2 protein chains.
Amino acid sequence: MSHPLRIHLEKISPFSDAEFDYILSHFTTKKLKKHQFLVQEGNAVPNDHFVLKGLLKATHTSQDGKEHILQFAMEDWWISDYQAHFNQAAATINIDCLEETEVLCLSLHNREKLCSELHKIEHCFRVKTSNGYVALQRRIISLLDSSAKERYEQFLLQYPTLTQRLPKTMIAAYLGVSRETLSRLHGA
Amino acid sequence: MSHPLRIHLEKISPFSDAEFDYILSHFTTKKLKKHQFLVQEGNAVPNDHFVLKGLLKATHTSQDGKEHILQFAMEDWWISDYQAHFNQAAATINIDCLEETEVLCLSLHNREKLCSELHKIEHCFRVKTSNGYVALQRRIISLLDSSAKERYEQFLLQYPTLTQRLPKTMIAAYLGVSRETLSRLHGA
DNA sequence: AATTTGGTGTGATCTATATCACACTAGGCG
DNA sequence: CGCCTAGTGTGATATAGATCACACCAAATT
């Protein structure tokens, strides 16, 4: 059975055993308990993170103190504060664990090193990022032209697995709806 | 004086004259008048587009027939229906010109060809896309936790040039606010 | 067993924003 | 010239969704 990261990368391009071992040697492992922070507002964000096991949320806190969820991540997803990470700036979001979690960490330096040494992995990252870009555009469209109810229904369809593992309160915070409103849109 | 595309790409990595000519040979030029469509809902989207001159908007129409603006693009920006383009599916958005416009077109095939032949350009595209990803995340945060007024102010700060060239009605459609509301948030 | 913590539902109200309706202006074009 | 079209402002009203307040439950924690 292959390594989860290998399966993940090989959806885009194949690697030899030696290549994959080399790639993997640029990652470090981190284990976190429920409620622990992976990224904390104000700190540096040295790494991008590939989730091996667990579930996390990335949240942004508005001036009036309300938490909105930018992103979830479970097995096989990547998560970080990318703005801070790529610009080597202080984090403006928090990322914490909703379950016991294990991630692989890739530093900015190691990513650039791998990308310059191995064309194929830069290709992987480009394709991944393009797909991510498209997904974000879809989310923006959904925020712009769908009602709370429509967004909730889209979420349930798009992320059935995630739905099982998340309290509704958090889905609400992801959709930009109050938990009370979400709770009320059963039949309507 | 360098070609605008060259200047654009060399913000990320330098190219020799021969390399750049080779890159450029993979693009075609297209000129459009005001109100002409670059991408039309339901059609294929063979190309990504780099704007040499002019101004365009990408719009999505919701079920109830309202137009929301996903993206603007002026000189030096890229624009397409990326979901449709990358998946070779039918467009779900319209892209049309707000001014007389000239774009460079890059087909999916030519992009992949260039990327596989020239590691440096794949690097450029990866970095560009990462930056785009971060920008979209910022926009999502702004949609999730800012009021209409705050979003408008952020827009004015972030895109002063664009603001000059756009009617407020369109800025409203980009921000997800009705034009009447936008018109009312002067002092408040 | 008792208490805290996290999640949920639901009524009563409030408010930001949408909607509808109309008037005004400036510029392009027959 | 006079007629469209596009863009804008603003009043009156409607409404989706936020907020506040409370009750309830289940699973941890002590």
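Below, chain A is the first sequence line, B the second, and so on; all start at residue 1. The shown structure was predicted, so the numbers you read here are calculated from the model rather than taken from an experiment.
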S.K.: In whole angstroms, how far is the P atom of C:dA16 from the CG atom of B:Asp145?
M.R.: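 Rounded to whole Å, this separation is 17 Å.
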S.K.: Could A:Arg138 and A:Tyr133 be counted as a cation-pi pair, given that NZ or CZ must be under 6.0 Å from the ring centre and within 45° of the axis?
M.R.: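 Here A:Arg138 fails the 6.0 Å and 45° test against A:Tyr133.
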S.K.: If you assign each of A:Ser146 and B:Pro167 to its closest nucleotide in DNA chain D, which residue comes earlier from the 5' end?
M.R.: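 That would be B:Pro167.
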S.K.: Using whole Å, what does the distance between atom C1' of nucleotide D:dT8 and atom OH of B:Tyr152 come to?
M.R.: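 Taking atom C1' of D:dT8 as the reference, OH of B:Tyr152 is at 11 Å.
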S.K.: Which nucleotide sits closest to the side chain of B:Ser178: C:dG7, C:dT19, C:dT10?
M.R.: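 That would be C:dT19.
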S.K.: Considering just the side-chain nitrogens and oxygens of A:Lys66, establish if one lies under 4.0 Å of OP1 or OP2 belonging to D:dT19.
M.R.: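 Affirmative; the distance criterion is met.
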S.K.: Within 45° of the six-membered ring axis of B:Phe125 and under 6.0 Å from that ring's centre, is NZ or CZ of B:Arg111 located there?
M.R.: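 Because its charged atom sits under 6.0 Å from the ring centre and within 45° of the axis, B:Arg111 does stack over B:Phe125.
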S.K.: For the pair made of CG in A:Leu185 and P in C:dT8, what is the distance, rounded to whole Å?
M.R.: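 Distance check: A:Leu185 CG to C:dT8 P gives 13 Å.
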S.K.: What's the spacing between B:Thr163 OG1 and B:Ile171 CD1 if we round to 0.5 Å?
M.R.: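 Separation between the atoms: 5.0 Å.
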S.K.: Measure CD/B:Glu180 against P/D:dG11 and give the value in whole Å, please.
M.R.: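 For the pair B:Glu180 CD and D:dG11 P, the rounded distance is 13 Å.
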S.K.: To the nearest Å, how far apart are B:Glu99 CD and C:dG27 P?
M.R.: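 B:Glu99 atom CD is separated from C:dG27 atom P by 17 Å.
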S.K.: To the nearest angstrom, how far is B:Leu175 atom CG from C:dA18 atom C1'?
M.R.: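 One finds 15 Å between C1' of C:dA18 and CG of B:Leu175, rounded.
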S.K.: Return the NZ to OH distance between B:Lys57 and B:Tyr174, rounded to the nearest 0.5 Å.
M.R.: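 Here the rounded value is 14.5 Å.
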S.K.: Does A:Arg179 or A:Arg151 map to a spot on DNA chain D nearer the 5' end, using the closest nucleotide for each?
M.R.: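 Its nearest nucleotide being more 5', the pick is A:Arg151.
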S.K.: Measure the distance from CZ on B:Arg165 to P on D:dG7 and round it to the nearest whole Å.
M.R.: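 To the nearest whole Å, that distance equals 15 Å.
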S.K.: Mind checking if B:Thr181 touches a base, just sugar-phosphate, or nothing, with heavy atoms under 4.0 Å?
M.R.: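 Base, at least one base heavy atom under 4.0 Å.
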S.K.: Just checking, any donor-acceptor pair under 3.5 angstrom between side chains of A:Thr92 and A:Gln83?
M.R.: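 No, because no side-chain N or O of A:Thr92 sits under 3.5 Å from a partner of the opposite role on A:Gln83.
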S.K.: Does A:Lys168 have a side-chain nitrogen or oxygen under 4.0 Å from the phosphate oxygens OP1 or OP2 of C:dG9?
M.R.: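 Result: yes.
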S.K.: Mind checking A:Lys34 for me? I need base, sugar-phosphate or nothing, with any heavy atom below 4.0 Å counting as a touch.
M.R.: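 Result for A:Lys34 = nothing.
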S.K.: Students often get this wrong, so: under 4.0 angstrom with heavy atoms, is B:Thr169 touching a base, only sugar-phosphate, or nothing?
M.R.: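 Here B:Thr169 touches the backbone only, sparing every base.
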S.K.: Roughly how many Å is it from NE2 in B:His35 to P in D:dC4, rounded to a whole number?
M.R.: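 Distance check: B:His35 NE2 to D:dC4 P gives 18 Å.
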S.K.: Report yes if at least one side-chain N or O of A:Lys149 is closer than 4.0 Å to OP1 or OP2 of D:dG17; otherwise report no.
M.R.: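 No, A:Lys149 has no side-chain N/O under 4.0 Å of OP1/OP2 on D:dG17.
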